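Single-structure report; data block below.
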Amino acid sequence: MDISREYPLLEFDADRQAMLEPHARAKVENVPTHAVACFFQDVISTLIEQHDAKLLCEWDMEMGKHSVYEITFQDQRLAVFQPGMGAPLAAGNLEEMIGLGIRACIACGGAGVLDNSINVGEVVVPYAAVRDEGTSYHYLPPAREVEANSEVLAIIKNVLQAHEVPHLLTKTWTTDALYRETRAKIQQRKAEGCQVVEMEAASFFAVTQFRGIKFGQLLYGGDDVGSDEWSNRKWRTHTIRERLFWLAAEACLQVP
């Protein structure tokens, strides 16, 4: 029996042309080819207030306007945008950026830790993601995991080493349901080699593979979901956030 006929999510269609394409809405010229997808709205606010980030473009969404900014860093132009939480929204906004003309992107964000030896603020670099979400299945054939771009991964590692930033290279668990991270699933993902959990990496890896875009991701250790009881660990107040952005920016601009 063809199991894909039983589950719509497994009905992958490799057709390159969809009814709605992101480039159909592209109206902005001369967009930087490199971009950082920054999950930290506080950091984006700092870029606007202290680093002369200028509004490049914006588009209307039901939740309000989605803004794209531009900064100059190391004498190069760099686009910055907030991708939004969760695979469908984040992947859609990344698609819009690809439609505008970006060719390289690095995301920076936080992740829950499945291994409580990972400190709050510890830098984590995912080399692969378990595809426990839905978006990636519309971009790649069904598979358990998706790998990061090896070229970009090497650049990220080199930048972190150059700045003497300790970091963990690991597999991540991408899920759509933050309130369904059960103890059994946590143990299963840990057995597969996942040390962190988040909601976007697998979809980012899949979208950029499909579109032929170079992509990588930097995360930092956040709340603890791998112990007997969940702990927030005050992860959103950690000072690593802005530094992680600048590390992502430096790595992104090194992507050829």
Side-chain angles (χ1 to χ4, degrees), residues 22 28 30-59 65-87 89-111 121 123-126 129 148-149 151-160 162-163 165 167 172 198-201 203-205 207-208 211 213-220 222 236 238-256:
V28 182
N30 197 28
V31 173
T33 57
H34 290 60
V36 171
C38 179
F39 281 91
F40 314 134
Q41 190 60 45
D42 54 325
V43 172
I44 293 177
S45 296
T46 299
L47 295 177
I48 296 169
E49 296 165 5
Q50 300 180 18
H51 299 280
D52 299 319
K54 66 177 182 180
L55 182 66
L56 185 63
C57 63
E58 57 187 10
W59 55 82
K65 292 187 179 297
H66 187 272
S67 302
V68 180
Y69 299 92
E70 179 183 333
I71 64 170
T72 300
F73 179 55
Q74 297 180 341
D75 296 322
Q76 298 181 72
R77 300 171 64 220
L78 181 71
V80 181
F81 68 103
Q82 159 65 262
M85 180 178 172
L89 177 59
N93 283 325
L94 179 58
E95 281 272 44
E96 295 282 358
M97 294 301 298
I98 295 169
L100 288 174
I102 71 164
R103 292 296 173 261
C105 180
I106 290 182
C108 59
V123 176
V124 178
V125 183
N149 181 289
E151 180 183 5
V152 180
L153 191 62
I155 291 171
I156 290 173
K157 289 163 60 178
N158 287 339
V159 167
L160 294 175
H163 288 277
V165 177
H167 57 279
T172 182
E198 39 62 53
M199 301 182 70
E200 300 86 15
S203 63
F204 281 156
F205 294 162
V207 168
T208 50
R211 297 295 183 191
I213 302 301
K214 295 180 179 179
F215 176 86
Q217 189 157 13
L218 283 165
L219 301 166
Y220 77 92
R236 289 186 178 178
H238 201 281
T239 56
I240 189 64
R241 294 159 74 89
E242 187 172 353
R243 189 182 187 197
L244 200 69
F245 169 81
W246 292 114
L247 290 168
E250 181 174 336
C252 186
L253 290 173
Q254 290 186 22
V255 177

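Computed from a prediction, not measured in an experiment: that's the story for all the values here.
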Tightest non-hydrogen contact, residues Thr172 and Ala201, listed as CG2-CB, 3.9 Å

Is the shortest heavy-atom distance from the side chain of Met97 to the side chain of Pro83 under 4.5 Å?
no

Flag for Glu250-His163: side-chain donor and acceptor within less than 3.5 Å
yes

Checking the side chain of Gln82 only, and the main-chain atoms of Phe39 only, is there a donor and an acceptor separated by less than 3.5 Å?
yes

Scanning both residues in full, the closest heavy-atom pair of Glu200 with Ser203 reads O-OG, 2.7 Å

Between Phe215 and Val207, does the side chain to side chain contact (heavy atoms under 4.5 Å, CB included) criterion hold? Intermediate values first, please.
CA-CA 9 Å; Phe215 176 86; Val207 168; over 6 Å; no

Who pairs with His238 by side-chain contact (heavy atoms from CB on, under 4.5 Å), at least two apart in sequence or on another chain?
Val120, Tyr220, Ile240

Give a yes or no on whether Asn158 atom CG has more than 12 heavy-atom contacts from other residues, nucleotides or ligands under 6.0 Å away.
yes

Distance-minimising heavy-atom pair for Ala107 and Phe204
CB-CE1, 4.0 Å

Out of Ser67, Cys38, Cys105, Cys57, which one pairs with Phe81 under the side chain to side chain contact (heavy atoms under 4.5 Å, CB included) rule?
Cys105

The reported gap from CD1 in Ile106 to CD in Gln254 (rounded to nearest 0.5 angstrom) is 8.5 Å

Any donor-acceptor N/O pair, Glu70 side chain to Leu78 backbone, under 3.5 Å
no

From CA spacing to verdict: side chain to side chain contact (heavy atoms under 4.5 Å, CB included), Arg77, Asn30
CA-CA 10 Å; Arg77 300 171 64 220; Asn30 197 28; 3.4 Å; yes

Is any side-chain heavy atom of Thr208 closer than 4.5 Å to one of Asn149?
no

Check: Val68 and Val80 side chains under 4.5 Å, non-hydrogen atoms
no

In this structure, CG of Leu89 is separated from CE of Met199 (nearest 0.5 Å) by 10.5 Å

Minimum heavy-atom distance between Cys252 and Ala35, given as atom pair plus value:
SG-O, 3.3 Å

Heavy-atom closest pair, residues Leu56 and Pro32
CD2-CD, 3.7 Å

Interatomic distance, CD@Gln76 vs NE2@His34, rounded to 0.5 Å, equals 7.5 Å

Which pair of heavy atoms, one from Val36 and one from Cys108, lies closest together, and at what distance?
CG1-SG, 4.0 Å

First locate atom CD1 of Ile98, then atom CD1 of Ile213, and finally report the distance between them rounded to the nearest 0.5 Å.
5.0 Å

ring-ring contact (aromatic ring centres under 6.0 Å, His included) test vs His51 passes for just one of Phe73, Tyr69, Trp246, Phe245, namely Trp246

Would you compute the distance between atom OG1 of Thr33 and atom CG of Leu253 and round it to the nearest 0.5 angstrom?
8.5 Å

CG (Leu94) and CZ (Arg211) are apart, to the nearest 0.5 Å, by 9.5 Å

